[in-house]
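Heads up: the structure comes next, in structure tokens.
In what follows, chains carry the letters A, B, and so on, assigned in the order in which the sequence lines appear, proteins first and then strands, with residues in each chain numbered from 1.
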Protein chains: 2
Amino acid sequence: MTRRHQQIAEELRRAIADGTHPVGSELPSESELALAHGVSRGTLRQAFGTLQSEGLIGSRQGARRTVLSTTPSQSFTELRSFAQWARAGDRAPGGLVLRSHRAKATEAQAAQLQLVPGEMVLNVLRLRTLDGEPALLERTVYAGWAAAAVEALPDDCESVTQSLYETAGVVMSHGEHHLDAVAAGTTDARELGVRRGSPLLRVRRTTTTSEGRPVETSDDRYRPGSVVFTVRNSVQANPLVRTAAD
Amino acid sequence: MTRRHQQIAEELRRAIADGTHPVGSELPSESELALAHGVSRGTLRQAFGTLQSEGLIGSRQGARRTVLSTTPSQSFTELRSFAQWARAGDRAPGGLVLRSHRAKATEAQAAQLQLVPGEMVLNVLRLRTLDGEPALLERTVYAGWAAAAVEALPDDCESVTQSLYETAGVVMSHGEHHLDAVAAGTTDARELGVRRGSPLLRVRRTTTTSEGRPVETSDDRYRPGSVVFTVRNSVQANPLVRTAAD
DNA sequence: GAGTGGTCTAGACCACCCC
DNA sequence: GGGTGGTCTAGACCACTCA
């Protein structure tokens, strides 16, 4: 029993993808489509709104909507989970925990995870692979209340996000990502198989539940050529996408 | 004569920023606020939708909306214009054209700018500075129809985006950004004042008008420590933010 | 000036959360 | 079970685009 506006959005997405509405073309008007689908204009606008926030279509008052792009942006589901993202692109995700230990939160960590300094956290160093090739090195800090669930996972667990949901009911629904470039350190170089000092894309992120409670904060370093982050944005909305490098 | 939903959104934004609604707290219900502002629920939901897409608040069916963050995300206006972004952070933007020449579009360029191969384009190499320090090197390709307006600009023009709008009426309203890390080449190293091979954040972007007509495509390389890109995202929306490194 | 999207209203029902 | 957000309707007026 999916929502009507979702069905319509999906239909339009397909029509754009298969070339019925090529890039640059004008879409039918709201009233036309509302009539055709047998819904009110409001519902149709909701469907259009979804496509707009995905960067597929644009709009200006007074003129018909136009197609901006044919490739839909990633869902947040794919963004937050490395494994789900990899599988969506038909690549085999892998994971390996290299180190894992509990410790007291440093001041910086406590601030980021909204804990009191000295509270327990779980530090995990994890190597992620794509089709067996090292892709990135994660240095993740989990809040103490999530530590037990993470430690219970197997070392080679593919999808931590999904496992955390299944075993502990933790839903990660918001994230903040900071992207910049750094030189590979000794550990980075050894695990990722690159030379020390070579460029890495660094993504520092914090993920929180829907209530805004931080679950984890992480420093992820991507091997060049393995992953590119894509952001499609507009005056109206700006989604983030992680894309495999060509 | 601003829109009612914009006024309400602005009011809520302020109330969140000044601590009236701290992070993690619950906001009043839609009906309450609608009544208080003398608008219908629909209008109020529109205001909430804006704040949601800015990453300020989150929502779950059945529960009240909660405050996720106090700092509003950047507007696209600030994202697309380096100068506007810099000034918003109280830093002095600078620009200097190092090279500029017309050429026939390569196949790749033509594809990205939706031109026919061989059509004329304008290549510009531009150094951008923050408070006099080199921050990034831009290799920009402008579509031929925008070339004349760009060439007419002074070499040290601060804001190309704004000037293009003022002189040619070109409004850039959509962009696609790809982020990864690369090693500094000879030119990069010389102009940015770093060693060859040192890590740079690369942002490849294409900007289009509201009709989806590409205006420019660019390869921007940021000196480490000068700029960090931030993306705040959620199940509902994911805006991109460019942040000065600390 | 006809058509289009942007805004707004006043209702309604449902799914879900929490008490 | 009462309150909340999510969905949907059927109207209305306005600002804007374009022929």
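Residue Ser31(B) places no side-chain N or O under 4.0 Å from the OP1 or OP2 atom of dG3(D). OP1 and OP2 of dT17(D) both lie 4.0 Å or more from every side-chain N or O belonging to Gln61(A). An OP1 or OP2 oxygen of dT9(C) is reached within less than 4.0 angstrom by a side-chain nitrogen or oxygen of Thr43(B). Using a 4.0 Å cut-off, no side-chain N or O of Arg4(B) falls inside it from OP1 or OP2 of dC13(D). Put simply, Ser40(A) has no side-chain N or O that comes within less than 4.0 Å of OP1 or OP2 on dG11(D).
Atom CZ in Phe48(A) sits roughly 11 Å away from atom C1' in dT4(C) (whole-Å rounding). In this structure, the NE2 atom of His5(B) is 13 Å from the C1' atom of dA15(D), given to the nearest Å. Summarising the geometry, the separation between CD on Gln52(B) and P on dG5(D) is reported as 11 Å, rounded to the nearest angstrom. What separates CZ of Arg64(B) from C1' of dG2(D) is a distance of 12 Å, to the nearest Å. Protein atom CD of Gln46(A) is 10 Å distant from nucleotide atom P of dG6(D), rounded to whole Å. Distance Arg60(A) CZ to dT4(C) P: 14 Å, rounded to the nearest Å.
Side-chain N/O atoms of Thr206(B) and Glu176(B) include no donor and acceptor closer than 3.5 Å.
Taking the charged nitrogens against the carboxylate oxygens, Glu11(A) and Arg14(A) have no contact shorter than 4.0 Å, which rules out a salt bridge.
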Practice problem: Check the pair Glu26(B) / His21(B) against side chain to side chain donor-acceptor pair (under 3.5 Å), numbers first and verdict last. | Solution: CA-CA 8 Å; Glu26(B) 288 189 342; His21(B) 301 300; over 6 Å; no

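Heavy atoms of Arg45(A) sit under 4.0 angstrom from at least one base atom.
With hydrogens and angles ignored, a donor-acceptor pair closer than 3.5 Å exists between the side chain of Arg41(B) and the base of dG6(D).
Between Gly38(A) and Pro28(B), it is Pro28(B) whose nearest contact on DNA chain D lies nearer the 5' terminus. Ranked by how close their nearest DNA chain D nucleotide is to the 5' end, Glu26(A) and Val39(A) are led by Val39(A).
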